[in-house]
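Report on the following structure.
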Amino acid sequence: MTEIADVVIIGSGIVGSSVAYHLTEQGCTNVLVIEREAHQGKGSTGKSMGGVRAQFSTTVNIQMSRYSIDFFSRFDEVVGHPADYRAHGYLFCATNQRHLEYLIANRERQTALGVKNVEMVSGQEIAAFVPQLRVNDIIGGTFCQTDGFVDPHSVMMGFMLKARERGVRLWLDTAVTGIEVNPALSGTAGASAASGGAGIGSAHRLDSTHRVSGVMTTRGFVSTRIIVNAAGPWAAHVAQMAGAALPVEPLRRQLVPTEPFEGLPKRFPMVIDMSTGFHFRREGKGILLAWNDPDETPGFKTDFDPTFVEKILTRAADRVPSLAEAEVNPRRAWAGLYEMTPDHHAIIGPAPNVEGLFFVNGFSGHGVMHSPASGLITADLILHGSSELIDASQLSVDRFAGGRLLKETAVL
Ligand SMILES: Cc1cc2nc3c(=O)[nH]c(=O)nc-3n(C[C@H](O)[C@H](O)[C@H](O)COP(=O)(O)OP(=O)(O)OC[C@H]3O[C@@H](n4cnc5c(N)ncnc54)[C@H](O)[C@@H]3O)c2cc1C
């Protein structure tokens with residue numbers, strides 16, 4: 001018997017789980033989520049730092065954060081599962097006038113969009129948050145109390161458990177190997193994908209509109225008219241299965257936890273040193289250190305590079321001299337993949353030329369914090385064709401061909 005679903009979601013990370021939850025919120029429950037791993041959270045979601053912030057520079061990111069952070073603050077009550085939202089704040093520290101002016105301009109936009117609790121702070125006020133910070137070159141910064149952290153795994157589980165309670169099915173250990181587009185196609189893309197044999201490599205871009213009619217999986221064929229690509233860093237491969245182009249590239253990101261460290265307060269905000277991009281927060285008894293290595297190149301690299309420890313500790317000790325004494329066990333450090341787009345903004349919405357295929361991809365380091373908003377927007381687009389939360393056309397994949405790129409410079 002052919003399996004049938006109204007919507008098939010490919011990928012059960014935090015984004016696919018949020019889409020499933022938000023579909024059920026609006027009564028759409030004949031949904032099948034397909035995950036190739038034996039457990040949820042093996043992709044980027046399980047590697048995340050869990051940071052959430054409204055301190056962005058573009059309107060669309062601020063709007064998505066505003067909705068999402070409010071959602072996280074009510075998550076336990078609404079979803080019935082803990083998000084472990086901790087409103088410890090994000091503290092941006094500027095060491096030059098250009099960065100300070102950037103923060104001032106951002107704050108004006110954030111305030112205008114309803115995020116009214118972003119405060120300008122002086123070097124002295126910054127030192128009061130974290131007395132161990134070297135502040136002699138810090139000329140000011142911004143602090144937003146409702147920024148903070150969540151537990152990505154718990155949020156993902158909460159979304160999925162609630163969705164399943166309402167009838168959503170989750171197939172684990174099942175890979176999607178092809179996407180069938182309707183037979184009125186030219187060329188071989190859909191046929192080869194649907195036959196299950198030729199797979200990803202043989203797919204090519206379709207020139208005219210086609211419609212999806214199902215997915216091939218390692219458990220057999222599933223008939224559906226709506227497919228959501230929530231495949232994280234692997235999203236471009238999934239898009240190719242339907243002959244669609246999606247500019248999402250994987251980029252390795254590495255995090256280093258210290259051993260228990262008492263040389264910093266028990267509670268303090270995420271601190272961002274804008275001069276180097278180094279940022280850190282407390283994680284249990286230790287400190288979680290993060291830095292975006294500009295020499296990193298795109299690719300599916302998920303091994304942790306031990307030489308990164310020295311690079312990050314140099315930045316850490318420069319800003320917090322006492323961190324030079326922190327112990328680090330490289331075996332506890334880890335690497336994961338950001339899903340990058342050319343303008344560092346998500347791609348959300350229907351695929352041009354492939355009717356019934358929806359993207360919710362390319363979060364460029366913000367997929368956890370924007371998961372509530374992206375789930376809602378995707379559900380709205382599938383069920384109503386538009387969303388009241390934002391003008392979703394801004395995030396359409398069309399923007400790259402049309403030269404309408406968005407610009408966010410604060411990528412962490
Ligand atoms: C080190 C690091 C730190 C980060 N820190 C933050 C942060 O502080 N804040 C923040 O908001 N974001 C952060 N991010 C980014 C965030 O983790 C991602 O944007 C987010 O997890 C993306 O979720 P996802 O569900 O789209 O992808 P994923 O979690 O990768 O899920 C995709 C799923 O699709 C499955 N899949 C792929 N292909 C197939 C297929 N063919 N068939 C079936 N299943 C398939 C995969 O197995 C996977 O489970 C960080 C990322 C990393 C790596």
Side-chain angles (χ1 to χ4, degrees), residues 8-20 32-53 56 61 64-65 68-69 72 90 147-153 155-156 159-160 170-179 199-200 215-219 227-241 248 250-256 270 279 281 288-292 296 300-302 304 333-341 344 346-348 359-375 378 411-412:
V8 165
I9 300 173
I10 304 173
S12 71
I14 199 164
V15 172
S17 301
S18 175
V19 174
L32 172 64
V33 184
I34 304 179
E35 170 57 56
R36 66 179 170 198
E37 300 288 349
H39 303 285
Q40 287 184 256
K42 297 276 217 179
S44 298
T45 301
K47 306 289 166 44
S48 170
M49 198 175 187
V52 301
R53 63 182 161 107
F56 278 102
N61 273 347
M64 286 173 68
S65 289
S68 298
I69 292 172
F72 286 131
Y90 262 57
D147 289 350
F149 328 113
V150 294
D151 177 338
H153 193 269
V155 170
M156 174 189 72
F159 277 137
M160 186 57 82
L170 169 63
W171 284 2
L172 295 170
D173 240 336
T174 310
V176 170
T177 53
I179 293 178
I200 297 165
V215 291
M216 298 298 302
T217 82
T218 46
R219 273 209 215 181
I227 297 172
V228 178
N229 179 352
W234 302 274
H237 286 200
V238 167
Q240 270 185 333
M241 292 181 192
V248 172
L251 184 67
R252 180 169 64 175
R253 199 60 216 283
Q254 309 189 82
L255 295 178
V256 176
M270 177 86 89
H279 50 292
R281 70 167 173 84
L288 190 55
L289 311 175
W291 175 65
N292 207 355
E296 196 60 75
F300 288 97
K301 293 173 268 178
T302 49
F304 179 78
W334 70 90
L337 298 169
Y338 268 20
E339 337 84 71
M340 301 302 293
T341 66
H344 301 168
I347 296 169
I348 303 183
F359 297 135
V360 55
N361 304 115
F363 287 90
S364 308
H366 314 136
V368 166
M369 65 181 89
H370 286 164
S371 60
S374 53
T378 307
V411 179
L412 290 182

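Ligands are counted one by one from 1 in listed order, and the atoms in each one are counted from 1 as well. Please read these numbers as outputs of a predicted model, since none were measured by experiment.
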Compare all side-chain heavy atoms of [X] with those of [Y] and state whether any distance is below 4.5 angstrom.
X      : Y      : result
Phe149 : Ser48  : no
Leu251 : Glu296 : yes
His370 : Asn61  : yes
Met270 : Met49  : yes
Gln40  : Leu172 : yes
Met64  : Phe56  : no
Asn292 : Arg253 : yes
Val238 : Val176 : no

Donor-acceptor under 3.5 Å ([X] side chain, [Y] main chain):
X      : Y      : value
Thr45  : Gly43  : no
Trp171 : Leu32  : no
Thr302 : Ala335 : no
Gln254 : Phe304 : no
Asn229 : Asn361 : no
Thr174 : Ile34  : no
Thr378 : Gly375 : no

At a 4.0 Å threshold, what atoms of ligand 1 neighbour a non-hydrogen atom of [X]?
X      : answer
Arg253 : 1 (C)
Ile34  : 43 (C), 44 (N)
Gly51  : 7 (C), 8 (O), 9 (N), 10 (C), 11 (O)
Gly336 : 53 (C)
Gly50  : 7 (C), 8 (O)
Pro233 : 30 (O)
Val15  : 23 (O), 24 (P), 25 (O), 26 (O)
His366 : 10 (C), 11 (O), 12 (N)

Option nearest [atom] (shortest heavy-atom distance, choices [options]):
atom                    : options                       : result
atom 32 (C) of ligand 1 : Ala230, Gly43, Ser65          : Ala230
atom 28 (P) of ligand 1 : Gly375, Ser44, Gly11, Ala335  : Ser44
atom 15 (C) of ligand 1 : Gly41, Gly365, Pro250, Ser374 : Gly365

Does ligand 1 have any atom sitting under 4.0 Å from a heavy atom of Thr174?
yes
Contact check, Lys42 vs ligand 1, heavy-atom distance below 4.0 Å
no
Answer yes or no: does an N/O atom from [X] fall short of 3.5 Å to an N/O atom of ligand 1?
X      : result
Met241 : no
Val176 : yes
Glu35  : yes
Thr45  : yes
Met49  : yes
Val238 : no
Met369 : yes
Arg36  : yes

Considering non-hydrogen atoms only, spot the tightest contact between Met160 and Ser12 and give its length.
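Here Met160 and Ser12 meet closest at CE-CB, 4.2 Å.
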Quick one: nearest non-hydrogen protein atom to [atom], plus distance?
atom                    : result
atom 1 (C) of ligand 1  : Lys47 O, 3.4 Å
atom 27 (O) of ligand 1 : Gly232 CA, 3.4 Å
atom 6 (C) of ligand 1  : Ser48 OG, 3.1 Å
atom 31 (O) of ligand 1 : Gly13 CA, 3.6 Å
atom 20 (C) of ligand 1 : Gly367 CA, 3.9 Å
atom 50 (C) of ligand 1 : Tyr338 CE1, 3.5 Å

Below a 4.0 angstrom heavy-atom separation, can you tell me which part of [X], side chain or backbone, both or neither, approaches ligand 1?
X      : result
Val360 : neither
Leu255 : side chain
Glu339 : side chain

A quick test of your reading: do over 12 heavy atoms of other residues, nucleotides or ligands sit less than 6.0 Å from NZ of Lys42?
no
